[in-house]
Amino acid sequence: MPFFIEVILPLALPKPFTYSVTQAEYAFLKPGMRVAVPFGRNKIYTGLVIALHENPPQLYEAREIHQILDDDPLVTAIQLSHWQWVANYYMCSIGEVYRSAMPSGFLLESETIITQHKDFNSETGDLTDDEYLVYEALQKQSALKVQEVAAILNKKTILPVINRLITKNAVMLQEEMSEKYKPKSIRYIRLPEEFMREEQLSELIEVLSRAQKQREAVMQYFQLQASEKKPVTAKKLNDAGINSTIIKSLVDKGIFEEYYIDEDRVKFEGNDDAGFGLSPKQKEAFDEIKTSFEQKDVTLLHGITSSGKTEIYIKLIEEYINSGQQVLYLLPEIALTTQLVVRLTAYFGNQVAVFHSKYSNNERVEVWNQVLSASEKAKVVIGARSALFLPYQHLGLIIIDEEHEPTFKQQDPAPRYHARDAAIVLANAHKAKVLLGSATPAIETYYNASGGKYGYVELKERYGNVMPPEILLIDLKDKYKRKQMTGHFSDMMIEAITETLANGKQVILFQNRRGYSPWVECLTCGHVPQCPQCDVSLTYYKYKNQLRCHYCGHHIAKPTHCHQCQSPDLDTKGFGTEQIELELKTLFPDKHSWRMDQDTTRGKHGYEKIIDSFKNREIDILVGTQMLAKGLHFDNVALVGILNADNMLYQPDFRAFERAYQMMVQVAGRAGRKDQRGKVLIQTYNPLHNIIRQVTDNDYEGMYKEQLYERHNFKYPPFFRLVRVTLRHKDYEKVKDAAIWLFNVLSQQLGVTVLGPEEPGINRIRNEYIRTIMIKIPQGAALGGTKKAIERILASFDAVPQYRAVRVTLNADPY
DNA sequence: AGCACGCCGACT
DNA sequence: GTCGGCGTGCTC
């Protein structure tokens, strides 16, 4: 009797694959277990079992599995159906969801290793130059990876070379599975039992009286044991000033014993300090949320900046974990986890786990296992969007902080999911509650709350009665006319900075562009240097004296002459954070200013370092991009300056105004202190613009109504669901034709509004031309059916020979 | 996603 | 003439 399993692979393939298993394997396997399976010529992938059955496939012979990798399911049934939902809704394969949901430590795959054939003689077997190069490299290094061979030969196609070497008996191929997860073991030191008796011990001290250092080590050991009341690690002894060689000699003498225990890498130590109270307003909001949860599964907590939302979250988390449930706390930015972990571990100690993509493989595997086993160590999971995919058992509550943040939507590789929306679906499967928190809710969210679909709780008062900041506008047109500008700073801005710094307070300046200037222009002929691979001008970076492309990273030295007319008169146009920082150095030479943008926050802790030194007041003025707008708290900042509000307003995106509002309000919210009212200065050419006025008046409602009206008129969310189709190809004409073909078919067959094909503002990236088509699905139309139809049409598109080389991506709810 | 197969241009 | 480029199809 044959037995089969259905397996999904971590690839962009639409359907599962069938493998045959033995009866014993069949009895052992369950959906959610991993199996290593051969796939294609000689690759082995980590597949995931989703079903077992006894129906032999008709059209092919099922292959046998290579190995079972788990004793128990690693993925729950709820996860599998949630992944399927993500795949359907966001129009990708379940394999892509699987690949991004699992820590890569779980997704072992084979790697082809090339090794030397031992009885090959290079004298007799004659090799070509390429073949000899590989052979020679193998003399030095016993094994090579395929990629390494490509590097040695400096070629793309190397398999023919390897195949010839195999025929000549010079090398062999091997498939190697690398075990990516290794538990970390910690070395402990102890005294053998016999020394535990009094008389033996004094004898030991006696013996060591002449070996001062060793005696000291033993004494230190006792001290550590007495003070810590737990096993002593070798590291603790080292820290206490005991040299490793001394420990080693004591071990050799049999006085110390060493032993190892596998340890969790991720560990926090907290002191239980639940003794904080909510302010009356917070308490009120807290009670309202609980009442709301009795009726609604999702509730929006609309709390202005600095209203103390976190304390409310903590109180809620406490209730859910006390009732034995798990809590997920999603943040928009990895960098924010550090601050939050400190706060949460203070209350919940070791019950807090952290999960995000910058964590190492091992750490992520550990958190996965803890969540799966409903471990005490992972009652609360803090993480960025990927934490959504952990194997929760009893999920009771999901908190999504700063729910309006666009980073919750994954942009590039598929699955292009929105963590907020996918979280609501997940919570539904767990019968859990969702709390969305924001000072500036997304239009869609606020719409759902006002329509009664979500509960709504407001928190209007700043915590500790901090006054909301005073927001002032500076009209740039006027300031330039009156010649009251120094560089990009108006006299008012300079005055305010001077005053703030004189009071010992700090300043944050916001400019949503990096580099020195976004483009360079020839004064003689007007030529602007462009990226050779993308349709953008090159950004000038003064400190590197370079022109760089923000899309593909292409860079050249700053030219001394115009490439078009040889004129040496080149001018920089526009300004970015780098220029502001340089201007600050001249304006305030004795103050310390620093820049925070993608260019200065590279590296694992780049961001935290800047935040820390700003908190420690080593930096007086911090200049930054939108990174500054994300829920950071600084209590010594008295002034926030927005250098140019206009470039945010004129983006070709239906969300541009909403975004600009959110960004300005969020940045303004950084100006808050306990004792004195903070100040926000906004420089703009459009002081009468509605969005600017709504920011100064703190008029969220006004912004919402106006934007909602626009959304309704122009067929945008929440009234219409969008699916964006992007076509890419290096041949301009080909994408153009393909896009027209696809547009025609879509608009004829879907029965909904289809717009396009549009040449985007930036129509070429990395030498590929781009066209987009926008599909607008009205509320009430069959969303799933339309998406199915889109996929069907795409399949027929793929069947047209001249178009199939055009790469097509789908983005549901593009943000 | 890989990887093999098969067809065309640029070199020995 | 061959090598190596790339477009096409398939993987249980």
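Chain letters run A, B, ... following the sequence lines, proteins first, then strands; residues in each count from 1.
- In this entry the distance linking NZ of A:Lys145 with P of B:dG2 reads 15 Å, nearest Å.
- Residue A:Tyr45 places at least one side-chain N or O under 4.0 Å from the OP1 or OP2 atom of B:dG2.
- We find that CG of A:Asp798 is positioned 13 Å from C1' of C:dG7, with the value rounded to whole Å.
- To the nearest 0.5 Å, atom CZ of residue A:Phe355 and atom CZ of residue A:Phe389 are 10.0 Å apart.
- By the 30° and 60° cut-offs, the orientation of the rings of A:Trp85 relative to A:Tyr89 is parallel.
- A:Leu107 has its CG atom 13 Å from the P atom of B:dG2, to the nearest Å.
- Taking the ring axis of A:Phe797 as reference, the NZ or CZ atom of A:Arg804 does not stay both within 45° of it and closer than 6.0 Å to the ring centre.
- Using a 4.0 Å heavy-atom distance criterion, A:Pro38 is classed as a sugar-phosphate-only contact.
- Remark: P of B:dA1 and CG of A:Leu13 are 9 Å apart, rounded to the nearest angstrom.
- For the pair A:Lys730 and C:dG7, the criterion of a side-chain N or O lying under 4.0 Å from OP1 or OP2 is met.
- The distance from atom CZ of A:Phe39 to atom P of B:dC3 is 12 Å, rounded to the nearest whole Å.
- Of the options A:Val21, A:Leu69, A:Asp70, A:Leu29, a side-chain contact (heavy atoms from CB on, under 4.5 Å) to A:Val35 is made by A:Leu29 and by none of the others.
- Residue contacts for A:Leu59: at a heavy-atom cut-off of 4.0 Å it reaches no nucleic acid atom on any strand shown.
- At a cut-off of 3.5 angstrom, counting only N and O atoms as typed in the model, there is a donor on one side and an acceptor on the other between the side-chain of A:Tyr60 and the base of C:dC12.
- With rounding to whole Å, A:Glu109 atom CD is found 9 Å from B:dG2 atom C1'.
- The cationic atom of A:Lys736 (NZ for Lys, CZ for Arg) does not lie both less than 6.0 Å from the six-membered ring centre of A:Tyr732 and within 45° of the ring axis.
- Remark: C1' of C:dC12 and CZ of A:Phe4 are 10 Å apart, rounded to the nearest angstrom.
- Contact annotation: A:Arg63 reaches the phosphate of C:dC12 (side-chain N/O to OP1 or OP2, under 4.0 Å).
- Atom CZ of A:Phe17 and atom C1' of C:dT11 are 6 Å apart (whole Å).
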